Novice: 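Below you will find the structure I want to go over with you.
This one's a predicted model, so the numbers in the text were calculated from it and none came from an experiment. A, B, ... follow the sequence lines: proteins, then strands. Residue 1 opens every chain.
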Number of protein chains: 2
Amino acid sequence: MTQDKKTYHHGDLRQSLLQAATDIIREGGVDSLSMRKLADNVGVSRTAPYHHFKDKNELLCAIAEMGFSDHIHAVSELPQQHADLDKRELFELYVLSYIRFADNNPETYDLMFGKEIWKLGKPTESLKTISKRCFQHWLEWIETLQAQKILTDQHPTLRVAQASWATLHGLCRLLNDGIYVNKNDLEEMGRTAAAMLLAQNRVD
Amino acid sequence: MTQDKKTYHHGDLRQSLLQAATDIIREGGVDSLSMRKLADNVGVSRTAPYHHFKDKNELLCAIAEMGFSDHIHAVSELPQQHADLDKRELFELYVLSYIRFADNNPETYDLMFGKEIWKLGKPTESLKTISKRCFQHWLEWIETLQAQKILTDQHPTLRVAQASWATLHGLCRLLNDGIYVNKNDLEEMGRTAAAMLLAQNRVD
DNA sequence: CAACGCATCTTGACAGCGTCAACATTGAGT
DNA sequence: ACTCAATGTTGACGCTGTCAAGATGCGTTG
């Protein structure tokens, strides 16, 4: 697959770095990723990566970016794949999909929405762009659900979007950060959360 | 205030360390706290702190523990201080208080509910105890609210407690991690979240 | 084809980190 | 008064991110 011979120039280092980095992260967590070990894994010297990423921060941003595009891709397919579901069921499905994504890629999720990049580091312009696009999707969908009286329209769309997203995010953090939630109860928690967010879910 | 003379034995090192540590953290964030700088700030050698805390992890656990006791204290006073409010208003007030606590002590909040301790490190036994007590309070209150039909009783108390707490937690994380939420909108977001969680809030 | 320039990769170096091991000092108890 | 355990110190190790300076080779241009 990869070339054996040691050409002085690697030829595809940037891509190899991203690949190796995601591997390391998936295995041992974001905090187990060091620039030096990464370089070593790819078979290149300590500082070679710095010719492709200004910073460790930029590397992490690039990984987070991939996470966003994966996530957007997965989510945008949902409505078509489940055209049979009614809006409430679709909402629940979205919630569950979101949680599953965070559960399957905990470390990527951490990068996408964690303070490592957004508070301690500085998000790349391109990362900011794609993350905004991601929230924009969410916002539009919330607006639709409000119009259908499935979510409350007593509050501004932006607030409803923020509050409901916070619920999903909170669930994911509590799971990923290992606070104390049993993973087996994951689905049930998601369903309860979805039900609580949906407006007036009385039996009629 | 503190003794000037350099007695070989500090006399009150453990407490001084905790004090200095919280100061450093409040100022520059958890990640700006290093054992070495901490020791230096207190005027003691690098490894002196290790006679009072086995680990950096144990130090952080101790700080988180103080955060929990502060939090429990503040929250347990709420019902008495606002006996005039009805249950719904009290719930909203709780939500806002919770958010304010996280906003005022972002770094402590991070330690209390972040992966630093719960996933990467290992929580102290005493930390586990006090955090469980904290959630227990929440659980009992949720049960009350369910009995009063203010929160849905269609789902188990545990699930409702988890989901609603996740909402608060999610809001706090999004704020504290600097994702992209405007701090001025904080109160409004909290109110929206509270309203969405409360059951059947139609005008009658 | 030769030469140059630029992207890429390398080694060396520095300051910072957590923490272990070995040693120094001292206050408390027999 | 002597001993012991608690507490404080210095030295050392391996790890980290990243800057500076030099080596290498690809692509373009004369």
Novice: Checking ring-ring contact (aromatic ring centres under 6.0 Å, His included) for the pair A:F113/A:H71: CA distance, chi angles, key distance, verdict?
Specialist: CA-CA 12 Å; A:F113 302 114; A:H71 179 246; 7.1 Å; no
Novice: Compute the centroid of each ring, for A:F68 and then for A:H73, and state whether the two points are separated by less than 6.0 Å.
Specialist: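 Between A:F68 and A:H73, the centre distance exceeds or equals 6.0 Å.
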Novice: Counting only heavy atoms and a strict 4.0 angstrom limit, can you tell me which residues of residues 113-123 of chain B come near DNA chain C?
Specialist: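 Going residue by residue through residues 113-123 of chain B, none turns out to have a heavy atom under 4.0 Å of DNA chain C.
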Novice: Please say which of A:Q162, A:E140, A:E143, A:Q146 ends up in a side chain to side chain donor-acceptor pair (under 3.5 Å) with A:T157.
Specialist: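 The side chain to side chain donor-acceptor pair (under 3.5 Å) with A:T157 is passed solely by A:Q146 among A:Q162, A:E140, A:E143, A:Q146.
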Novice: Between B:Y94 and B:W141, how do the two ring planes meet: parallel, tilted or perpendicular, split at 30° and 60°?
Specialist: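 Because their plane-to-plane angle lies in the 30° to 60° range, the rings of B:Y94 and B:W141 count as tilted.
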Novice: For the side chain of A:W138 and the backbone of A:A161, is there at least one donor-acceptor N/O pair under 3.5 Å apart?
Specialist: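 Checked: pair present.
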Novice: Sort and list the pairs that fulfil side chain to side chain donor-acceptor pair (under 3.5 Å) and have at least one residue in residues 183-196 of chain B, not counting sequence neighbours.
Specialist: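 For residues 183-196 of chain B: A:R159-B:D185, A:R159-B:E188, B:E92-B:R191, B:R100-B:E187, B:D103-B:K183.
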Novice: Using whole Å, report how far CG of A:L38 lies from P of D:dT16.
Specialist: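 Those two atoms, CG and P, are 11 Å apart.
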Novice: Do any N or O atoms from the side chain of A:E89 and from the backbone of A:D86 form a donor-acceptor pair under 3.5 angstrom?
Specialist: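 Yes; at least one donor-acceptor contact below 3.5 Å.
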Novice: Between N or O atoms, less than 3.5 Å apart, protein on one side and nucleotides 17-20 of chain C on the other: list the pairs.
Specialist:
{"unit_1": "C:dC17", "atom_1": "OP1", "unit_2": "B:S34", "atom_2": "OG", "d": "2.8"}
{"unit_1": "C:dG18", "atom_1": "OP1", "unit_2": "B:M35", "atom_2": "N", "d": "3.1"}
{"unit_1": "C:dG18", "atom_1": "OP1", "unit_2": "B:K56", "atom_2": "NZ", "d": "3.1"}
{"unit_1": "C:dG18", "atom_1": "OP2", "unit_2": "B:M35", "atom_2": "N", "d": "2.9"}
{"unit_1": "C:dG18", "atom_1": "OP2", "unit_2": "B:R36", "atom_2": "N", "d": "3.4"}
{"unit_1": "C:dG18", "atom_1": "N7", "unit_2": "B:R36", "atom_2": "NH1", "d": "2.5"}
{"unit_1": "C:dG18", "atom_1": "O6", "unit_2": "B:R36", "atom_2": "NH1", "d": "2.6"}
{"unit_1": "C:dT19", "atom_1": "OP1", "unit_2": "B:D55", "atom_2": "OD1", "d": "3.2"}
{"unit_1": "C:dT19", "atom_1": "OP2", "unit_2": "B:Y50", "atom_2": "OH", "d": "3.0"}
{"unit_1": "C:dT19", "atom_1": "OP2", "unit_2": "B:K56", "atom_2": "N", "d": "3.1"}
{"unit_1": "C:dT19", "atom_1": "O4", "unit_2": "B:R36", "atom_2": "NH1", "d": "3.2"}

Novice: Without decimals, in angstroms, what is the distance between A:D12 CG and D:dC26 C1'?
Specialist: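 Result: 16 Å.
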Novice: Under 4.0 Å between a side-chain N or O of B:H52 and OP1 or OP2 of D:dA6?
Specialist: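 No, no such contact exists.
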Novice: Starting at atom CG of A:D40, determine the distance to atom P of D:dG17, rounded to an integer number of angstrom.
Specialist: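 Interatomic distance, CG of A:D40 to P of D:dG17: 12 Å.
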Novice: Quick one: does A:T152's side chain have a donor or acceptor within less than 3.5 Å of a partner on A:Q154's backbone?
Specialist: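 Yes; at least one donor-acceptor contact below 3.5 Å.
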Novice: Please report the distance, rounded to the nearest Å, between NE2 in A:H51 and P in D:dC19.
Specialist: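 Going from NE2 in A:H51 over to P in D:dC19 covers 11 Å.
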Novice: Starting at atom CG of B:D31, determine the distance to atom P of C:dG16, rounded to an integer number of angstrom.
Specialist: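 Taking CG of B:D31 and P of C:dG16, I get 17 Å after rounding.
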Novice: Nearest whole Å is fine: how far is D:dT7 C1' from B:F53 CZ?
Specialist: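 The answer, rounded to whole Å, is 14 Å.
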Novice: Nearest 0.5 Å, please: how far is CG in B:L171 from CG in B:L186?
Specialist: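 With rounding to 0.5 Å, CG (B:L186) is 8.0 Å from CG (B:L171).
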Novice: Got a sec, which pairs hit side chain to side chain donor-acceptor pair (under 3.5 Å) with one end in residues 33-58 of chain B, sequence neighbours left out?
Specialist: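 The answer is none; no pair qualifies.
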Novice: Strictly below 4.0 Å, heavy-atom distances to any atom of DNA chain D: list the hits from residues 15-26 of chain B, or just say none.
Specialist: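 Contacts with DNA chain D under 4.0 Å: none.
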Novice: Roughly what angle, to 10°, lies between the helix axis at the start of the helix from C:dC1-D:dG30 to C:dT30-D:dA1 and the one at its end, five pairs per end?
Specialist: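 About 10° separates the two local helix axes.
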